[in-house]
Amino acid sequence: MSAPTTPADLVILGGGSGGYAAALRASELGMSVVLIEKDKVGGTCLHRGCIPTKALLHTAEVADNAREGEQFGVKSTLSGIDMDGVNAYKDGVISKNFKGLQGLIKSRGVTTVTGEGRLVSPTAVEVDGTRYEGKHVLLATGSYARSLPGIEIDGTKVITSDHALALDRVPTSAIILGGGVIGCEFASAWKSFGVDVTIVEGLPHLVPLEDESSSKLLERAFRRRKIDFSLGSRVARVETTADGVKVSLENGKEFEAELVLVAVGRGPVSQGLGYEEAGVAMERGYVLVDEYMQTNVPTISAVGDLVPTLQLAHVGFGEGILVAERLAGLPVVPLDYAGVPRVTYSEPEVASVGLTEAQAKERYGELEIATYDLAGNGRAAILKTAGAVKLIRTANGGPVVGVHMVGSRVGDLIAEAQLIYNWEALPEEVAQLIHPHPTLSEALGEAALVLAGKPLHAHS
């Protein structure tokens with residue numbers, strides 16, 4: 001007996017950032033949509049990623065403010081971190097966002113199905129014996145926290161970011177395997193909580209995908225904060241001990257701590273979901289797509305962490321919207337992934353858009369570069385933050401092709417930076433814009449003034 005069938009214009013497997021963005025936009029455009037999610041809509045970002053980690057980092061900032069109040073003339077002390085209170089605050093933020101998202105999806109007329117879905121044909125997904133048949137299927141099953149070969153995640157002494165977000169205590173010490181965004185954010189938050197932290201990164205720098213100058217500034221700041229890190233050597237083995245965990249590196253170094261956080265990136269959730277059987281082209285677990293997020297199967301698209309593009313929630317939003325609009329017959333423009341803003345929400349923050357200096361040199365050859373040190377910025381002095389804003393332009397009066405920033409709250413400057421890059425602005429044009437004083441945003445303006453040949457609060 002065949003499974004009962006529910007028809008729709010678009011069937012979406014996965015209710016994370018990419019899936020629900022596509023569902024909302026498709027329903028706006030008049031399509032009937034079925035959104036299938038095995039857990040909760042919002043996915044990793046809302047429940048185990050962006051939102052809860054940033055809540056932890058805000059708690060960390062409050063802890064630092066209490067500890068360092070005397071620097072600002074406030075007699076405050078930090079008596080401790082109440083993890084029950086921290087988790088209640090974090091979970092409250094998640095809950096509020098989750099309820100809002102559920103209401104939004106319902107108001108748009110999207111049919112949500114809770115359960116584990118499996119692709120059973122190029123146009124159908126089956127969940128618990130019911131078949132959802134669509135004119136088109138969108139795969140958006142997201143990602144999971146990766147481990148390394150030979151390292152067993154036990155959820156107690158050797159943990160992933162999922163476990164770290166549910167910790168009911170502040171560990172005395174931690175080793176973090178991976179110095180990318182996730183590793184640096186947890187290192188920053190835990191250090192503020194009083195944890196003795198060591199990062200192990202196999203590549204030569206922290207946040208290795210960022211411009212090397214930004215990596216070096218973050219490393220300098222982490223040294224000042226007494227966050228230890230070991231660079232350029234990979235992990236040989238991880239062993240649990242009576243007191244915790246021992247990590248041995250290939251270069252012979254050894255570290256011991258109460259727990260190990262494995263933060264070596266995220267892998268696509270694609271195994272056993274019927275993708276290969278339906279003929280979908282894949283590589284290393286990722287679903288392969290063209291610039292319009294179309295797979296090799298005409299009736300199937302894929303978005304988000306499942307495809308080999310930037311693993312960012314806002315990339316998922318953009319890709320999901322693109323698919324919905326393409327299916328509705330609207331003219332669509334492929335995403336320029338270099339033009340997507342990237343932020344590491346550590347203290348200090350690292351933010352960028354466009355090309356790194358190495359990438360720009362490879363593409364364009366000669367460059368003009370201006371670096372404005374935050375030491376010259378009044379707001380940075382008030383906040384007691386250090387860092388810099390770096391602008392990269394092509395030679396002979398070309399546009400800005402990269403913006404790189406390090407400092408407290410520089411993530412809030414990335415919106416203007418992405419306009420500068422994506423609108424191919426000339427530094428001379430940016431230099432004409434008057435930035436409010438005293439703000440960190442002036443640093444962007446000052447860097448543009450340097451490139452325009454008329455520096456104000458910077459040495460020429």
Report task. Carefully, step by step, assess His58 and Val62 under the rule side chain to side chain contact (heavy atoms under 4.5 Å, CB included). Result -> CA-CA 6 Å; His58 182 63; Val62 173; 3.9 Å; yes

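- At least one side-chain heavy atom of Leu312 sits under 4.5 Å from a side-chain heavy atom of Arg342.
- Counting heavy atoms from C-beta on, the side chains of Thr295 and Leu288 never come closer than 4.5 Å.
- Listed here is the closest heavy atom pair of Val450 and Ala458: CG2-CB, 3.9 Å.
- The CG atom of Leu101 sits 14.0 Å away from the NZ atom of Lys96 when rounded to the nearest 0.5 Å.
- A heavy-atom distance below 4.5 Å is not found between the side chains of Arg146 and Arg266.
- Residue pairs that meet the ring-ring contact (aromatic ring centres under 6.0 Å, His included) test with at least one member in residues 59-117, sequence neighbours left out, are His47-Phe98.
- Between the side chains of Glu256 and Thr241, no donor-acceptor pair of N or O atoms lies under 3.5 Å.
- Applying the side-chain hydrogen bond (donor to acceptor under 3.5 Å, both in side chains) rule to pairs touching residues 69-82 yields nothing, sequence neighbours excluded.
- A donor-acceptor pair shorter than 3.5 Å cannot be found between the side chains of Arg379 and Thr439.
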Report task. May I have the step-by-step check of side chain to side chain contact (heavy atoms under 4.5 Å, CB included) for Glu219 and Leu231, ending in yes or no? Result -> CA-CA 10 Å; Glu219 288 160 14; Leu231 304 173; 3.8 Å; yes

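- In terms of modelled atom types and a separation under 3.5 Å, the side chain of Ser143 and the main chain of Pro268 share no donor-acceptor contact.
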Could you list the donor-acceptor pairs under 3.5 angstrom formed by side chains in residues 27-35, with sequence neighbours left out?
{"from": "Ser27", "atom 1": "OG", "to": "Ala23", "atom 2": "O", "distance (Å)": "3.2"}
{"from": "Ser27", "atom 1": "OG", "to": "Leu24", "atom 2": "O", "distance (Å)": "2.9"}
{"from": "Glu28", "atom 1": "OE1", "to": "Arg25", "atom 2": "NH1", "distance (Å)": "2.7"}
{"from": "Glu28", "atom 1": "OE2", "to": "Arg108", "atom 2": "NH1", "distance (Å)": "3.3"}
{"from": "Ser32", "atom 1": "OG", "to": "Asp9", "atom 2": "N", "distance (Å)": "2.8"}
{"from": "Ser32", "atom 1": "OG", "to": "Asp9", "atom 2": "OD2", "distance (Å)": "3.2"}

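- Residue Ala351 comes nearest to Val410 through the heavy atom pair CB-O, 4.0 Å, listed as atom of the first residue, atom of the second, then distance.
- To the nearest 0.5 Å, atoms CG (Asp305) and OH (Tyr286) are separated by 8.0 Å.
- A heavy-atom distance below 4.5 Å is not found between the side chains of Arg118 and Val125.
- Annotation: the span from Thr309 atom OG1 to Leu335 atom CG amounts to 8.0 Å, rounded to 0.5 Å.
- Between the Tyr421 side chain and the Ala425 main chain, no donor and acceptor come within less than 3.5 Å of each other.
- Proximity of Glu201 to Ser230: side-chain heavy atoms (C-beta onward) are nowhere separated by under 4.5 Å.
- The backbone N or O of Asn422 sits nowhere less than 3.5 Å from a side-chain atom of Asp336 that would complete a donor-acceptor pair.
- Counting heavy atoms from C-beta outward, Leu206 and Phe229 have side chains that approach closer than 4.5 Å.
- Counting heavy atoms of neighbouring residues, nucleotides and ligands inside a 6.0 Å radius, atom CD of Glu250 exceeds 12 of them.
- In this structure, the separation between CG on Asp211 and CG on Leu355 is 10.0 Å, given to the nearest 0.5 Å.
- A donor-acceptor contact under 3.5 angstrom links the side chains of Thr141 and Tyr275, judged on distance only.
- Side-chain polar atoms of Glu442 and His457 form no donor-acceptor pair below 3.5 angstrom.
- The backbone N or O of Ser346 lies less than 3.5 Å from no partner atom in the side chain of Thr344, so there is not a single donor-acceptor pair.
- With His404 contributing its side chain and Gly354 its backbone, the two residues share no donor-acceptor pair below 3.5 Å.
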Show the atom names and distances, to 0.1 Å, of all donor-acceptor pairs under 3.5 Å that link a side chain in residues 171-189 to residues at least two apart or in another chain.
{"from": "Thr172", "atom 1": "OG1", "to": "Glu258", "atom 2": "OE1", "distance (Å)": "2.9"}
{"from": "Ser173", "atom 1": "OG", "to": "Glu258", "atom 2": "N", "distance (Å)": "2.9"}
{"from": "Glu185", "atom 1": "OE1", "to": "Lys54", "atom 2": "NZ", "distance (Å)": "2.8"}
{"from": "Glu185", "atom 1": "OE2", "to": "Lys54", "atom 2": "NZ", "distance (Å)": "3.4"}
{"from": "Glu185", "atom 1": "OE2", "to": "Tyr345", "atom 2": "N", "distance (Å)": "2.8"}
{"from": "Ser188", "atom 1": "OG", "to": "Arg225", "atom 2": "NH1", "distance (Å)": "2.8"}
{"from": "Ser188", "atom 1": "OG", "to": "Glu347", "atom 2": "N", "distance (Å)": "2.9"}

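- In this structure, the side chains of Tyr372 and Leu449 stay at 4.5 Å or more apart for every pair of heavy atoms.
- Across all non-hydrogen atoms, the minimal contact from Leu374 to Val406 is CD1-O, 3.5 Å.
- Under a 4.0 Å N-O distance rule, the pair Glu239/Arg237 qualifies as a salt bridge.
- Looking only at distances, no side-chain donor or acceptor of Thr160 sits under 3.5 Å from a matching main-chain atom of Ala145.
- When all heavy atoms of Ala443 and Asn377 are compared, the pair lying nearest together is N-ND2, 3.9 Å.
- Going from atom OG of Ser95 over to atom CD1 of Ile51 covers 13.0 Å, rounded to the nearest 0.5 Å.
- Checking side-chain atoms of Thr385 against main-chain N and O of Ala381 turns up no donor-acceptor pair under 3.5 Å.
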For residues 148-156, which side-chain N or O atoms pair as donor and acceptor with protein atoms under 3.5 Å away, sequence neighbours left out?
{"from": "Asp154", "atom 1": "OD1", "to": "Thr156", "atom 2": "N", "distance (Å)": "2.8"}
{"from": "Asp154", "atom 1": "OD1", "to": "Lys157", "atom 2": "N", "distance (Å)": "2.8"}
{"from": "Asp154", "atom 1": "OD1", "to": "Val158", "atom 2": "N", "distance (Å)": "2.8"}

Requested in this report: Show your reasoning for whether salt bridge (charged side-chain N to carboxylate O under 4.0 Å, His left out) applies to Glu61 and Arg409.
Outcome: CA-CA 11 Å; Glu61 184 184 355; Arg409 306 182 188 178; 3.8 Å; yes

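- Listed by chain and number, the residues in a ring-ring contact (aromatic ring centres under 6.0 Å, His included) with Phe317 are Tyr20 (sequence neighbours excluded).
- Electrostatic pairing of Lys384 and Glu68 does not count as a salt bridge here, judged by no charged N lying under 4.0 Å from a carboxylate O.
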Requested in this report: Evaluate the side chain to side chain contact (heavy atoms under 4.5 Å, CB included) criterion for residues Asp228 and Ile199: first the C-alpha distance (whole Å), next the side-chain angles of each, then the deciding distance (0.1 Å), finally the verdict.
Outcome: CA-CA 6 Å; Asp228 293 329; Ile199 304 170; over 6 Å; no

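- When atom types are taken as modelled, the side chain of Arg67 and the backbone of Ser192 share a donor-acceptor pair closer than 3.5 angstrom.
- Using modelled atom types, no side-chain atom of Lys226 and backbone atom of Lys191 make a donor-acceptor pair closer than 3.5 Å.
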Query raised in the report: After noting the C-alpha distance and the side-chain angles of Ser301 and His136, does the key distance pass the side chain to side chain donor-acceptor pair (under 3.5 Å) rule?
Result: CA-CA 8 Å; Ser301 295; His136 202 88; 2.9 Å; yes

Query - Criterion side chain to side chain donor-acceptor pair (under 3.5 Å) on Glu37 and Thr114, from CA distance to verdict - result: CA-CA 5 Å; Glu37 169 56 48; Thr114 304; over 6 Å; no

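- Looking at heavy atoms from C-beta onward, Trp190 lies out of side-chain contact with Asp196 at the 4.5 angstrom threshold.
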**Report entry** Residues Ile300, Leu119; criterion side chain to side chain contact (heavy atoms under 4.5 Å, CB included); working and verdict
**Finding:** CA-CA 10 Å; Ile300 300 175; Leu119 188 66; 3.8 Å; yes

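- Taking CG from Leu13 and NZ from Lys38, the interatomic distance works out to 9.5 Å, rounded to the nearest 0.5 Å.
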